[in-house]
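See structure below.
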Amino acid sequence: MNLISNIQTGIHQALQSAFGIDIDASSIKLERTLQDFKGDFTWVVFPYVKQARKSPEQTALEIGEYLLLHQFISEFNVVKGFLNIVLNESSLLDYFYSARHDASHFKTDFGKGKKVVVEYSSPNTNKPLHLGHIRNNLLGYSISEILKANDYEVVKANLINDRGIHICKSMLAWQQSGLNETPQSTGIKGDHLVGKYYVAFDRSYKSEISLLVGEGRSQEEAEKQAPSILLAQAMLRKWEANDVDTLKLWETMNGWVYEGFKLSYQRLGVDFDRYYYESNTYLLGKKTVQEGLDKHVFYQKDDGSVWIDLTSEGLDHKLLLRSDGTSVYITQDIGTAQLKFDEFQYDISLYVVGNEQDYHFKVLQGILKKMEKPYAHGIVHVSYGMVDLPSGKMKSREGTVVDADDLMDEMHAEARKIILERGKTEGMTQEQVEILCEVVGMAALKYYLLRVDPQKRLLFNPADSIDFEGNTGPYIQYTNARINSVILKSGETDDSRGYTRLVPAEKELILALHSYPSILIKAGEMHNPSEIANYVYDLAKRYNRFYYECPIAKDGIVKEAKCFRVALSKFTGETITECLRLLGIEAPGKM
RNA sequence: GGUCUCAUAGCUCAACUGGAUAGAGCACUGGUUUUCUAAACCAGGGGUUACAGGUUCGAUCCCUGUUGGGACUACCA
């Protein structure tokens, strides 16, 4: 049962009987009434006044009277063209008691029968993860969970960028150092160790460039002729020629990075069903190039390079194969799209990738459409904004990054400070306290990153630490812990339903709970976890107001009120816990 | 140069996709606990939604232009 569809039905009937207007009931838009007006839902009549041939006020009035007469609502008022509706209390309570025991309340069938591959994370293996990667990982994970709750069949995929000039740079610097450092010998986490050499490479590369520029070369020349880069390119050629020693070093160093990533992923709480390695996929797509040439979708220049003309799509000409016959990035992506489709027959293939690649994905989809691939329309780029620092964009090579592992450590330490201050850890072991610090610290971080619209870029200021009060992850966790505590103290309760005459705070809470399924669908449709984050904050806020105003399990409270309020608390707690789960955040029972 | 994108309170973000008087948090000022977890609750100040036009019953949202940020525009990945 759904409160909104009931009113939609009523308005639908009213429009028909009073004005002979016949529109789809589900297209009737209802909004929550603004705070300063009396009512629960508001219907805007302006769009219908032309057809009704009456003034907005008169139209709203007649619809309202119809709804009242046929007992869809308990009262209404009209302000200009806005029809404000007050619900029957009994229908609110009916809704509450049925939803609370409805096993499918936290699910929708929006994606039933559809398969979706969510590709996210997709790191390079030459450096550790930073804050930007955290945003990517959390978004990808959360979107996957939201889609699952909408009954999609989800495959989480990670395409690891394990080859190319970047990893050769780290390998070269490591080799040249002659130190034979390993994660074991240094105690440095593998991805950080490799990243250290990547930075070392860049430092010497830069100094070589400035030396050459000092000798009178142009910047561009110097960048191409610096000895380091020439050696790195030579190493890449050896790698591509399957040189044994190069491959061995490559495997060793990538192995260190994977060990490091594994720990970071675990701590972030993200996981994958399928890994793809670029070293296996970088030759894919060449077959497709031939197919495109045969179909005359692509064309070949005199030098042998292969191109596609996408000017009809508002894009440019794009290279698909170099004149030496090697493939480029887009060629690989064409190949992996096909590979994934062969493997999973997906309906939708999501790519959680930063917005700097907007153009790339337009091109990819444009190519696949021209090739008439059946999966072309299922390609969706979930584009998210960069995480910026006050100083500008993060750059790994220049060391202006917020390291993922460091940041998680800081969040843990910050949480510990606050938890010890609050002094609520009585009866907990040292180990339990540490777990709590981790869970709360990670909640602050995750919520901070997920509450903003993915499409917007996000500013992170390392100088002021992430909050634990107000609109934050810990606030929401706290609300749940509070609920948990009051339920424990309440003793036996039942659904006797003797309680009537809801106070505003209770009514607001039921209405907030009622909107959960529509939020879940919206978050899934828009691939947007911030919908869930903002919703659960609003829900927690309403609960805290209710908690402050209404005694729940205090001494002397009448049984009927207690039963209802405990039930309301339970349902709210379950909803909060589920929302947090969708965001990858744990909900501790006590904090 | 071309294409895309963003601009909302001192700061970080909302605004149900065109609806009423633009809302939260942080910060600031003041209040709430002999009673269920004060990481809470309540109140107050703070806005010409970058600027100028247009579209209509109605614009933060759509269109045009201006200004200012960012990204992309490699035979790199």
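Note that the coordinates shown come from a computational prediction; the quantities given were computed from them, not determined experimentally. So that the names make sense, note that chain A is the first sequence line, chain B the second, and so on, each numbered from 1.
- Set against B:A24, B:A40, B:A15, the side chain of A:E531 has B:A15 as its closest nucleotide.
- Under 4.0 angstrom from either OP1 or OP2 of B:U35 there lies no side-chain N or O belonging to A:K489.
- For A:Y329, taking side-chain heavy atoms from C-beta onward, the closest of the listed nucleotides B:C13, B:A77, B:A20 is B:A77.
- Residue A:R322 has a polar side-chain atom (N or O) positioned under 4.0 Å from OP1 or OP2 of B:A77.
- For A:K554, the side-chain atoms get nearest to B:C36 when compared with the rest of B:C36, B:C76, B:C13.
- Here the side chain of A:A553 is nearest to one of B:A40, B:C36, B:A20, namely B:C36.
- Nucleotide B:U35 has no partner under the Watson-Crick or G-U criteria, as no pair reaches both atom distances under 3.5 Å.
- Residue A:L34 places its side chain closer to B:A20 than to any other of B:A14, B:A20, B:C76.
- Pair assignment for B:C28: B:G44, on the basis of Watson-Crick or G-U wobble contacts that are both within less than 3.5 Å.
- For A:S305, the side-chain atoms get nearest to B:C75 when compared with the rest of B:U35, B:C75, B:U37.
- Judged by distance alone, the side chains of A:N254 and A:D162 never bring a donor and an acceptor atom under 3.5 Å apart.
- Across all strands, A:Y282 comes closer than 4.0 Å to no nucleic acid atom at all (heavy-atom distances).
- Considering only side-chain atoms of A:K456, the nucleotide from B:C75, B:U8, B:C36 that sits closest is B:U8.
- Along RNA chain B, the nucleotide closest to A:P474 and the one closest to A:I487 are compared, and the more 5′ of them pairs with A:I487.
- By the 5.5 Å and 30° criteria, A:F46 is stacked with the base of B:G19.
- Within the 4.0 angstrom heavy-atom criterion, only backbone atoms of the sugar-phosphate kind lie near A:K522; the bases stay farther away.
- Residue side chain A:S323 reaches the base of B:C75 through a donor-acceptor N/O pair under 3.5 Å, judged by distance alone.
- Judged by distance alone with a 3.5 Å cut-off, no donor-acceptor contact links the side chain of A:N355 to the base of B:C4.
- Nearest nucleotide to the A:Y548 side chain, out of B:A40, B:G19, B:C75: B:A40.
- At the heavy-atom level, A:C550 lies under 4.0 Å from base atoms of the strands shown.
- Contacts of A:P588 with the nucleic acid, taken as non-hydrogen atoms under 4.0 Å apart, are absent.
- Ring centroid separation for the pair A:W239 and A:Y282 comes in under the 6.0 Å cut-off.
- The residue A:Q455 sits apart from the nucleic acid: no heavy atom pair falls under 4.0 Å.
- Around NZ of A:K238, the count of heavy atoms belonging to other residues, nucleotides or ligands within 6.0 Å does not exceed 12.
- In this entry B:U56 has no Watson-Crick or G-U wobble partner, no candidate having both defining distances under 3.5 Å.
- Nucleic acid contact for A:N124: none, since no nucleic acid atom lies under 4.0 Å from a heavy atom of the residue.
- When heavy atoms are screened at a 4.0 angstrom cut-off, A:G491 is found touching no nucleic acid atom at all.
- A:Y543 and A:Y547 have tilted rings, their planes meeting at an angle from 30° to 60° on a 0 to 90° scale.
- Summarising the geometry, the separation between CG on A:D555 and C1' on B:U34 is reported as 13 Å, rounded to the nearest angstrom.
- Counting any heavy atom pair closer than 4.0 Å across all strands shown, A:R545 reaches sugar-phosphate atoms only and no base atom.
- Contact check, A:K318 against B:U73: no side-chain N or O comes under 4.0 Å of OP1 or OP2.
- Phosphate proximity of B:A38 to A:K424: absent, as no side-chain N or O sits under 4.0 Å from OP1 or OP2.
- Residue contacts shown for A:F82 include a base, since a base heavy atom lies under 4.0 Å away.
- With rounding to the nearest 0.5 angstrom, the CD atom of A:E414 is 9.5 Å from the CG atom of A:D467.
- Using bins of under 30°, 30° to 60° and over 60° for the plane-to-plane angle, the ring pair A:H317/A:Y299 lands in the perpendicular bin.
- Taking only side-chain atoms of A:Y359, from C-beta outward, the nucleotide of B:C72, B:A40, B:C75 with the closest atom is B:C72.
- Within 4.0 Å of A:N544, counting heavy atoms only, lie sugar-phosphate atoms of the nucleic acid but no base atom.
- In this structure, A:F37 reaches the bases: a heavy-atom distance under 4.0 Å links it to at least one base atom across the strands shown.
- Taking NE2 from A:H381 and CZ from A:F361, the interatomic distance works out to 5.0 Å, rounded to the nearest 0.5 Å.
- Taking the P atom of each, B:C6 and B:A43 are spaced 35 Å apart, rounded to whole Å.
- Comparing B:U60 with B:G69, their P atoms are spaced 26 Å from each other, to the whole Å.
- Comparing the C1' positions of B:U32 and B:A20 gives a spacing of 33 Å, expressed to the nearest Å.
- Within the nucleic acid shown, A:T42 comes within 4.0 Å of at least one base atom, counting heavy atoms only.
- Within 4.0 Å (heavy atoms only), A:M386 reaches no atom of the nucleic acid at all.
- In terms of heavy-atom proximity, A:A232 sits nearest to A:L172 at N-CD2, 3.8 Å.
- Within 4.0 Å (heavy atoms only), A:R451 reaches at least one base atom of the nucleic acid.
- Pair assignment for B:A7: B:U67, on the basis of Watson-Crick or G-U wobble contacts that are both within less than 3.5 Å.
- Between A:Y475 and A:Y537, the two ring planes are tilted [angle within 30° to 60°].
- On the C1' atoms, B:U8 is 8 Å away from B:G47, given to the nearest whole Å.
- In the set B:G70, B:A14, B:A39, B:G70 carries the atom at the smallest distance from any side-chain atom of A:R457.
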